[in-house]
Amino acid sequence: MALLAITAAIEIGSLIYRLVDRPSTPKPPLASLQIANAQNGAPIPFGYGTVRFAGQMIWTTGLMYQKSSSKKGGPTVTSYTYFSSFAIAFGEGPATIGRIWGDSKLIYDPNSTATSALDVANYPAWDATIAYSPGALVAYGGLVWECLTLNTGQIPSAPGSTYWLQVGDYPNWSSSAAYNAGDVVTYTNKLLYVAMNSNTN
C-alpha cells in the first residue's frame, strides 16, 4: 500500500513539474524552403567568355531561425525569421563574378547605378493611353513591370496595385514606405535587406 502511495506521489509530482516548468519546444525548420543542399560528386562547370552558371552549394548551416515576440495592447505575438549561411561554388577559376541571382531576383550587381535586374531599354515605356493585357511587359521608373489584369492608365508603381507586378528585382528601399516583417528590399550597392519588424524609415 505504501509503495502504491509513493508511486502515485511521484507520478503526480512529475505531472505538476511538466505543467509548471514545461520545456520550450523549438519551432521546427521550414522543410519546404530547404530547396538546395551540399552534396559530394557534383560536376564543376567550365566556362569561356561570359556565362551564366547555376551555383553548386558546397557548405551550409542549414535553415535556421530567430524568434521574436511583441505585444501591442493585445496578446503577445511570436514571429520567426528564417535564414541560412552557405557557400556557393560557381565554376573552375579564375573568373570574375558579374552578377548573382537568386532564381529571377538580382542579389548582387557591381554596377551601383543599376536599378533593375532587367535592362529596361529592352522594354517599351509604359503609356497611360494603351490598354494592356495580362503578360505585357513595360518599363517604368527604371524597373520592369508585368501586367496582371487588363487595364488602361493604371500606374505600375502604385502601392498595393493588383494590375502590375514588378519583375526581375526587389524594390528599392524607400524612407516613406511602410514595411512589414519579412519584406525584402534592395539598398546600398544592390544588397538585399529583410525587414525584421514592421517599420517606416
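Residue numbers start at 1 and run along the sequence shown.
Counted by atom type alone, T76 and S69 present zero donor-acceptor pairs between their side chains at under 3.5 Å.
Nearest heavy atoms, Y123 versus V138: CB-C, 4.2 Å. Listed here is the closest heavy atom pair of T149 and C147: O-SG, 3.2 Å. Here the shortest heavy-atom pairing between N199 and N197 reads ND2-O, 2.9 Å.
A search for side chain to side chain contact (heavy atoms under 4.5 Å, CB included) contacts involving A178 returns T200, not counting sequence neighbours. With sequence neighbours left out, A177 forms a side chain to side chain contact (heavy atoms under 4.5 Å, CB included) with S174, Y179.
Counting only heavy atoms from C-beta outward, the side chains of W164 and Q154 approach each other to under 4.5 Å. Considering only heavy atoms from C-beta on, Y163 stays 4.5 Å or farther from I155 through its side chain.
For the side chain to side chain donor-acceptor pair (under 3.5 Å) condition, the pairs that include at least one residue of residues 125-144, sequence neighbours left out, are D127-T129.
The distance from the CD1 atom of I88 to the CD1 atom of I58 is 8.0 Å, given to the nearest 0.5 Å.
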Can you list the steps and then say if W59 with S85 is a side chain to side chain contact (heavy atoms under 4.5 Å, CB included)? CA-CA 8 Å; W59 171 86; S85 295; 4.1 Å; yes
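Using a 4.5 Å cut-off between side-chain heavy atoms of Ile, Leu, Val, Met, Phe, Trp and Tyr, with links allowed through other members, W145 and L150 fall into different hydrophobic clusters.
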